[in-house]
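What follows is a single structure, written as structure tokens, with notes after it.
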Amino acid sequence: MVEHSGGDGDDVNWNTDDDEHEIDNFQFSPSSSPVQFMSETSYGPAETTSPNFIQKGISDEVVASFIEMGFSSEMIARAIEETGGGSSEPRMILETLFNYSASTEASSSKAKVIDHFIGMGFPEENVIKAIQEYGDENIDEITNALLTYAEVDRLGETNDVNINTNDDDDNLYSLSSDDDEDELNNSSQEDSILQALIKMDYSREEAAIAIERCGEDASVEEVVDFICAAQMARQFDEFFAEPDRKEPMNNSKKRRTYNEPQRRERKPNAAMASDQLIYLPKEMIGFGVPNRPGLMMNRPVPVPDIACGPPFFYYENVAMAPKGVWATISSHLYDIVPEFVDSKHFCAAARKRGYIHNLPIHNRFQIQPPPHNTIQEALPLTKRWWPSWDGRTKLNCLLTCIASAKLTNRIREALEKYDGEPPLHVQKQVMYQCKKWNLVWVGKNKLAPLEPDEMEKLLGFPRDHTRGGGISRTDRYKSLGNSFQVDTVAYHLSVLKPLFPNGIRVLSLFTGIGGGEVALHRLQIRMNVVVSVEISEANRNILRSFWEQTNQKGILREFKDVEKLDDHTIEQLMDEYGGFDLVIGGSPCNNLAGGNRHSRVGLEGAHSSLFFDYCRILDTVSRKTRQMRR
DNA sequence: GCAAAAATGAAGCATGGC
DNA sequence: GCCATGCTTCATTTTTGC
């Protein structure tokens, strides 16, 4: 309890009728080409030195997106020509670009291959020897040969076995130890890769994690690429690491920054076990928000090659999760830096969320019309009753439950004691409850929680999106409180519009009431296929109703449980529909949310641990997509 | 028995005084 | 720089009413 000095003894008890206490606390580029990051204005000079795409009938946005994905202007121009010039579809161009990428890799010059393996730590003479034997295109054979050479060298140094070199053939090494030979032959591919990586001076732990993440079919090269990408991404942590970890200081007393949390004694938390922490930015504008061009920025760390789309993916969860959670989430999503955004920059309600995705971030645009920016604009009927001493223009986060009627009634009774403005201490107490429960003024001295349709409006959904079909009022609040803010998500997804003018295939996990689908619809991106996974029958009904009411021509296929969506089923779906272009979803926040008083235990919680199914499914889709591309 | 309403703090960051 | 305090938070459990 926090005491509030009423002074005149007329404090209001908002919680219980007879309680003597005071108020309750009134209380992703192709691997062969570098990623280019260009500011919005930097596209200008690029055009002057590049082929004239406009004449080719391709929009600036599409070209900019390709450039941002790391393709050169020349490569893009060639792809456009090959796919039909001005009439070509961005998606076809994109496929062609990826084919170039693969082709480029396969036809690399000998010098490039030599550099590549030397860069991996192999001796130059061994690299040249392997290329002479296997040619410069057979990367796997070269890799295996180099690993064999390395193993022989190592054994030679330790004199554990006798090495017989055939003087007549310098290219051949043979092991005289039958036992060792058998051991090598019998080891599984995974073990072989693990051993190879360890020989390359990667730690066993690092190698094991990379193998697990790349899948059992991955080659040594793919795993090494993955590790290198992860190492690059980790550089970002320099910006977010605690200063005392980043740069040990002798002086224990140092200035505290905005992002450095205060040190307090608190009980251990599983979510805090992570060594690496990602701190939230003071102002959550992500990589940019509309109408604030000065704040537009690039990703602090490029999306690693292994994570570049297709498929594109988009993951969301609450920003203010327990310590260490976002570092863990990021580490499971290719070490991509989260984009923290508060939806108050898009609408009249706050919604602090973290997003991890591999989408381009330039040339985003807002869906039209833009939402109202203040409470009073969004809810005009409240203007008449809004007292001057309530200075709110934005609502707090829209939650899953609302204030009780008893509370609003007690506030009314308290305010009716005064003819004019209530005293400051009453104002303060009323304001606390207003902010806590997102109450709005609906009459003289009358406060009320938001109606479901008002929440729909604020969150960017069509009116009555969640109404009817047997869903209770309570469940409407719950579903809306758990949903995306459509305008925010649409802003991020808008970059897909020029890339998929003929429609998109979506795998929607934890669909909820279809925030992602509504965003794509409002962006006028045709949904050719939506495979939706949602546990709640009420929410599935809402999505199906939306699908029918908006006359969607595509296929909507529904599943209930992400845990039961196994790899075989995913691959079957991808074979059936030709793959997925976008994997979107926000896993349950129940065990992360600040409002959870009982089981805020982090990602290991019963609900929030479903995040790992998101990762599993995304890995399967990515692996299958690579196979299909090949 | 079921659905809806009501009651239930604490984690974690920001801010300001000293 | 330390500390107290303010503020916000995609929730869960218990109680109530039909």
Side-chain angles (χ1 to χ4, degrees), chain A residues 1-4 14-17 19 24-27 251-269 271-272 277 279-284 316-326 340 342-344 349-355 392 394-410 428 431-438 449 455 459 470-485 488-489 510 512-513 515 536 538-539 585-602 605-608:
Chain A
M1 290 290 181
V2 173
E3 290 189 7
H4 297 267
W14 310 116
N15 295 311
T16 58
D17 292 329
D19 193 343
D24 165 35
N25 287 338
F26 241 42
Q27 2 210 21
N251 186 355
S252 61
K253 292 184 177 181
K254 54 188 185 331
R255 183 180 177 81
R256 176 175 169 253
T257 64
Y258 283 122
N259 291 329
E260 181 187 357
Q262 294 180 25
R263 298 277 167 253
R264 289 184 184 175
E265 292 292 331
R266 57 173 71 95
K267 60 186 178 183
N269 182 320
M272 295 164 60
L277 300 177
Y279 296 117
L280 303 179
K282 183 183 176 187
E283 190 176 16
M284 293 190 187
E316 178 259 14
N317 214 319
V318 293
M320 301 178 79
K323 277 185 174 179
V325 165
W326 272 104
F340 293 107
D342 187 340
S343 292
K344 73 177 183 181
R351 202 166 190 80
K352 299 180 180 69
R353 297 292 180 267
Y355 305 88
R392 291 176 301 156
K394 301 276 187 182
L395 292 164
N396 282 333
C397 183
L398 308 183
L399 303 177
T400 56
C401 52
I402 61 172
S404 67
K406 286 184 178 179
L407 173 67
T408 54
N409 192 48
R410 285 195 291 272
K428 185 178 177 183
M431 286 310 302
Y432 174 81
Q433 297 294 345
C434 283
K435 291 175 182 175
K436 181 177 180 181
W437 292 107
N438 269 332
M455 284 182 65
L459 291 170
I471 187 172
S472 71
R473 183 180 165 90
T474 304
D475 283 344
R476 286 182 75 185
Y477 282 119
K478 185 176 179 182
S479 294
L480 284 161
N482 280 311
S483 74
F484 288 165
Q485 204 287 325
T488 309
V489 172
F510 314 103
I513 59 174
S536 160
N539 287 344
S587 62
C589 67
N590 308 44
N591 307 115
L592 311 178
N596 189 337
R597 306 180 183 195
H598 302 276
S599 53
R600 195 185 186 199
V601 294
H607 297 95
S608 295

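Proteins come first, then strands; the chains are lettered A, B, ... in the order of their sequence lines, and each starts at number 1. Owing to the predicted nature of the structure, the values given are computational and were not obtained by experimental measurement.
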Could you go step by step and tell me if A/Gln433 and A/Leu407 meet the side chain to side chain contact (heavy atoms under 4.5 Å, CB included) rule? CA-CA 9 Å; A/Gln433 297 294 345; A/Leu407 173 67; 3.6 Å; yes

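The phosphate of C/dT12 (OP1 or OP2) has a side-chain N or O of A/Asn590 nearer than 4.0 angstrom. For A/Ser472, a side-chain nitrogen or oxygen approaches OP1 or OP2 of B/dA4 to under 4.0 Å. Dashed line: the shortest gap from a side-chain N or O of A/Lys352 to OP1 or OP2 of C/dT9 is under 4.0 Å. Phosphate proximity of C/dT9 to A/Asn396: present, with a side-chain N or O under 4.0 Å from OP1 or OP2. Taking side-chain N and O atoms only, A/Lys282 has a distance below 4.0 Å to OP1 or OP2 of B/dT15.
Here A/Ser343 lies out of heavy-atom contact (under 4.0 Å) with every strand. At a threshold of 4.0 angstrom between heavy atoms, the contacts of A/Gly512 with the nucleic acid are absent. When heavy atoms are screened at a 4.0 angstrom cut-off, A/Ala405 is found touching the sugar-phosphate backbone but no base atom.
Between A/Ser404 and A/Met320, the residue anchored closer to the 5' end of DNA chain B is A/Ser404, taking for each the nucleotide with the nearest heavy atom. Taking for each of A/Cys397 and A/Lys478 the nucleotide of DNA chain C with the nearest heavy atom, the 5'-most of the two is the partner of A/Cys397. Nearer to the 5' terminus of DNA chain B, by closest-nucleotide assignment, is the contact made by A/Arg473 (compared with the other of A/Ala593 and A/Arg473).
Whole-Å rounding puts the A/Phe340 CZ to B/dC13 C1' distance at 13 Å. Put simply, NZ on A/Lys323 is 12 Å from P on B/dA11, counting in whole angstrom units. Counting to the nearest Å, the C1' atom of C/dT12 and the NE2 atom of A/His607 are 10 Å from each other. The CD1 atom of A/Ile402 sits 16 Å away from the C1' atom of C/dC10 (whole-angstrom rounding). What separates CZ of A/Arg392 from P of C/dT8 is a distance of 10 Å, to the nearest Å. For A/Phe484 and C/dC10, the CZ to C1' distance is 11 Å, given to the nearest whole Å. Remark: P of C/dT8 and CZ of A/Arg353 are 15 Å apart, rounded to the nearest angstrom. Spacing between atom NZ of A/Lys428 and atom P of C/dT5 amounts to 12 Å, rounded to whole angstrom units.
Rounded to a whole angstrom, the distance from the P atom of C/dT9 to that of B/dA6 is 23 Å. Between B/dA14 and C/dC10, the distance separating the two C1' atoms is 22 Å to the nearest Å.
Candidate nucleotides C/dT13, B/dG12, C/dC10 were compared by shortest atom distance to the side chain of A/His598, and C/dT13 ranks first. Checking B/dG12, C/dT9, C/dC10 against every side-chain atom of A/Lys436, the shortest atom distance belongs to C/dT9. When each of C/dC10, B/dT8, B/dG12 is scored by its nearest atom to the side-chain atoms of A/Arg597, the top-ranked nucleotide is B/dT8. Nearest nucleotide to the side chain of A/Thr474, out of B/dA5, B/dG12, C/dT9: B/dA5.
For the side chain to side chain contact (heavy atoms under 4.5 Å, CB included) with A/Cys397, the qualifying choice from A/Arg353, A/Lys352, A/Gln485 is A/Arg353, the only one to do so.
In terms of modelled atom types and a separation under 3.5 Å, the side chain of A/Asp342 and the main chain of A/Ala350 share no donor-acceptor contact. Counting only distance, with no hydrogens or angles, the side chain of A/Asn396 and the backbone of A/Asn438 share no donor-acceptor pair below 3.5 Å.
Between A/Arg476 and A/Met455 there is no side-chain heavy-atom pair separated by less than 4.5 Å. Taking 4.5 Å as the limit, every side-chain heavy atom of A/Asn590 sits out of range of all side-chain heavy atoms of A/Ser599.
Paired regions of DNA chain C, where each region holds three or more successive Watson-Crick or G-U pairs whose two hydrogen-bonding distances fall under 3.5 Å, are B:1-8 with C:11-18, B:10-18 with C:1-9.
Partners of A/Arg351 according to the salt bridge (charged side-chain N to carboxylate O under 4.0 Å, His left out) rule, which considers only residues two or more places apart in sequence or in another chain, do not exist here. The ring-ring contact (aromatic ring centres under 6.0 Å, His included) search around A/Tyr355 returns A/Tyr314, A/His492, not counting sequence neighbours.
A/Thr488 contributes atom OG1, which lies 12.5 Å from atom CE of A/Met284 (distance to the nearest 0.5 angstrom).
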